[in-house]
Peer 1: 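Dumping the structure here so I can ask a few things about it.
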Amino acid sequence: MIIAEQKPFKEIYESVKDSEKLLVLGCGTCVTVCMAGGEKEVGVLANQIRLAAGKDGGKIEVTEHTITRQCDEEFFDEGASEKIKEADSVLSLGCGVGVQHIVQLYPDVVVRPGVNTQFYGATLQQGIWTERCAGCGECVLERFEGICPIARCSKSLMNGPCGGSSNGMCEVDPENTECAWQLIYDRMKRLNKLDKLMDYQPPKDWSHDRDGGPRSVSREDVLF
Amino acid sequence: MSEEQYKSGSRLEQVLTSGNFALTGELGPPKSADRETVEKKANLLKDSVDAANITDNQTAIVRMSSWGAGLIAKECGLEPVMQITTRDRNRLAIQSDVIGAAAMGIKNILCISGDHHSFGNHPTSRIVHDIDSVQLIATLKKMRDEKKFESGDEIRNTKKSELIEPRIFIGAAANPFADPMEFRVVRLAKKINAGADFIQTQVIYDMERFKKWMDEVRDQGLHEKTYILAGITPLKSAKMAQYMKENVSGIAIPDHVVERLSEAEDQKAEGINIAVEQMQELKNMEGISGVHLMAIGAEKSVPGIAEQAGFLPRPTQYEKIS
Ligand code: SF4
Ligand code: SF4
């Protein structure tokens, strides 16, 4: 899923403090799971804004709402649409996709981002999420037996570890980040495929990544 | 050997192919447009080493480019080994630098991935790593031997014009001391297969561990497929040794080395003694073709160390030694 982290309150407040009718809009999918922008976070944040505005002597009328997915038009039902149109600003706690989707659907509303969208990751344990995929557009996991050096090696090295791999950890963040190449090595060993490490991996075709420009996928077979 | 039979004809290549024991040094470019400092360092090194690596934004700190400083060194009579990291430039920029450098007479290039930019003075910049160091080696080999760019395009101005490829002696780095231990020789083999003509190793303090690595290298016959230059850096003090031991990943310093330094009256001199002893030992080690003496910021000490180790004068004739 997409992992995001709520922006510092000060930054959020600065970006919305001049509005009069603010809608804090949560998203029920990725950001709910990573506890950055679901219904619960919407409630807490809305209260914080009310309190801060009260202290400032300002009067922001804050409403709250959360929909299943901000990245899909079908979830913007009548109720959500009405709330968005009534507000002069929307603070979206969806990822960057959600923010832009609201802008596209409701061109007259001002939308502010409430989270920093980070990466495609997995939940390691409650409260810890970690990057697993960089969306490179041409998955090469087969060559590395399911561990991605593009997303998980700090230097995206495809032909083996740099000289900084130490005790299984990456030199860039030895406290928290495992060396992807130690993981790949261990995995090959476990699967009895160490000879696969000798394969030369040629330069990657980055044209499928963002380097080829903004991407879109269109599927003739499922188009209406 | 005639000039055409060499891959590059660089002095380093000639020293190595003739069977001489090579000595390379290192020159760290300045953090400004200060030409004089490069000249000073080059003049210090030129008669003591066969060639010197010109580092490429070492430790991810902006410095004079390796090819700019390399040209100054060359003008002073010091043969440059231009370092290229894959950290800052993509395959377009790297290849254009390579043909530019070759046109200016730079003949040795060392391919490395480079220190992560989060350690340097522009930690907010974007990291590149479009290609990795092994892919860079293969790219240079393709440019030199197939006369083609990485994309497959031929290295010539128009379809009808002459192919003018860069004649480069290709180097790579190897670290026998990093993890995963078992991967280290594999990684070396990959670099050799990709086209590394010579290898410079990480600095050696743990000679026992290095010997074990070399055993494996010899078992696989890798020393016969490339020239291996062993990395040496004199330690300045027991304190520096202790610090490096604890804080620099990929560097192994055994306790007995730290102890020897701390017991010495003149720690700096003792550090040099250790380096000299290592150089002499390496000179007799099967499969080692030279020493890479890295004394960045201490270029002054290089002639003395080379002398003390019995590495001077450097060869000027490259008749095959049998
Ligand atoms: S190879 Fe690409 S698509 Fe596959 S996991 Fe890695 S970054 Fe994601
Ligand atoms: S230590 Fe491992 S993960 Fe970190 S940059 Fe080096 S090879 Fe990649």
Side-chain angles (χ1 to χ4, degrees), chain A residues 134 136 140 143-144 147-190 192-212, chain B residues 60 85-87 90-91 94-95 111-119 123 127-139 142 149-151 172-195 201-203 220 231 247-252:
Chain A
C136 75
V140 293
R143 301 189 215 163
F144 305 99
I147 290 164
C148 177
I150 310 296
R152 298 177 72 181
C153 165
S154 300
K155 299 175 186 167
S156 297
L157 303 178
M158 294 183 71
N159 283 288
C162 76
S165 175
S166 184
N167 298 317
M169 303 305 277
C170 172
E171 62 170 358
V172 175
D173 178 20
E175 301 288 306
N176 307 303
T177 306
E178 289 171 300
C179 168
W181 275 100
Q182 178 74 52
L183 297 172
I184 293 170
Y185 177 84
D186 293 344
R187 178 117 181 100
M188 294 294 185
K189 193 166 178 183
R190 182 184 194 127
N192 231 337
K193 290 185 174 175
L194 281 175
D195 53 332
K196 219 170 157 178
L197 295 173
M198 268 306 289
D199 295 349
Y200 169 66
Q201 303 296 341
K204 192 161 175 16
D205 176 355
W206 295 112
S207 68
H208 307 285
D209 202 319
R210 268 220 71 267
D211 306 85
Chain B
T85 73
T86 58
R87 177 194 57 223
N90 68 5
R91 59 192 93 171
I94 288 176
Q95 291 180 103
C111 309
I112 51 175
S113 40
D115 298 310
H116 196 267
H117 68 305
S118 60
F119 297 116
I127 198 164
V128 180
H129 293 301
D130 169 27
I131 53 177
D132 67 23
S133 55
V134 181
Q135 294 160 349
L136 175 56
I137 296 165
T139 300
K142 185 170 178 178
F149 289 110
E150 191 279 323
S151 64
N175 188 347
F177 309 107
D179 291 327
M181 270 301 278
E182 306 82 346
F183 205 132
R184 289 296 146 186
V185 177
V186 174
R187 179 113 165 116
L188 173 68
K190 278 186 98 162
K191 289 186 175 181
I192 295 171
N193 289 346
T201 77
Q202 173 66 285
V203 287
Q220 298 192 22
N247 296 293
V248 185
S249 44
I251 291 195

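Residue numbers begin at 1 in each chain, while the letters A, B, ... track the order of the sequences.
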Peer 1: Check whether any side-chain N or O of B/Thr201 sits under 3.5 Å from a backbone N or O of B/Gly231 as a donor-acceptor pair, and report yes or no.
Peer 2: yes

Peer 1: Rounded to the nearest 0.5 Å, what's the gap from CG on A/Leu194 to NZ on A/Lys189? Could you check?
Peer 2: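 If we round to the nearest 0.5 Å, A/Leu194:CG and A/Lys189:NZ are 7.0 Å apart.
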
Peer 1: In Å, rounded to the nearest 0.5 Å, how long is the span from CD1 of A/Ile147 to CG of A/Asp186?
Peer 2: 8.0 Å

Peer 1: Measure B/Phe177 against the heavy atoms of chain A and call it side chain, backbone, both or neither at under 4.5 Å.
Peer 2: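 For B/Phe177, neither part sits under 4.5 Å from chain A.
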
Peer 1: Check whether A/Asp199 gets within reach of chain B through its side chain, its backbone, both or neither, counting any heavy atom under 4.5 Å.
Peer 2: backbone

Peer 1: When rounded to the nearest 0.5 angstrom, what is the spacing between CD1 in A/Ile184 and CZ in A/Arg143?
Peer 2: 12.0 Å

Peer 1: With sequence neighbours excluded, what pairs up with B/Arg91 under the salt bridge (Lys or Arg N to Asp or Glu O under 4.0 Å) test?
Peer 2: B/Asp130, B/Glu150

Peer 1: Heavy-atom cut-off 4.5 Å, strictly under: side chain, backbone, both or neither for A/Lys204 against chain B?
Peer 2: backbone

Peer 1: Quick one: what part of B/Asp179 sits under 4.5 Å from any heavy atom of chain A, side chain, backbone, both or neither?
Peer 2: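 Both backbone and side chain.
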
Peer 1: Under a 4.5 Å heavy-atom cutoff, which of A/Met198, A/Glu171, A/Gln201 has the most pairs with chain B?
Peer 2: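 Highest number of pairs under 4.5 Å: A/Met198.
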
Peer 1: Is there side-chain contact between B/Ile94 and B/Leu136, with heavy atoms separated by less than 4.5 Å?
Peer 2: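 B/Ile94 reaches B/Leu136 side chain to side chain.
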
Peer 1: Quick check for you: among B/Ala178, B/Pro180, B/Ala189, B/Ala194, which has the greatest number of heavy-atom pairs under 4.5 Å with chain A?
Peer 2: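 Of B/Ala178, B/Pro180, B/Ala189, B/Ala194, B/Pro180 has the most heavy-atom pairs under 4.5 Å with chain A.
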
Peer 1: Name the region of A/Pro202, side chain, backbone, both or neither, that has any atom closer than 4.5 Å to a heavy atom of chain B.
Peer 2: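 Backbone only.
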
Peer 1: Of the backbone (N, CA, C, O) and the side chain (C-beta and beyond), which part of B/Arg87 lies under 4.5 Å from a heavy atom of chain A, both, or neither?
Peer 2: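 Neither part, no heavy atoms under 4.5 Å.
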
Peer 1: Using a cut-off of under 4.5 Å for heavy-atom pairs, which of B/Thr86, B/Asp132, B/Asn175 has the most such pairs with chain A?
Peer 2: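 Among B/Thr86, B/Asp132, B/Asn175, the one with the most close pairs to chain A is B/Asp132.
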
Peer 1: Show your reasoning for whether side chain to side chain contact (heavy atoms under 4.5 Å, CB included) applies to A/Leu183 and A/Phe144.
Peer 2: CA-CA 10 Å; A/Leu183 297 172; A/Phe144 305 99; over 6 Å; no

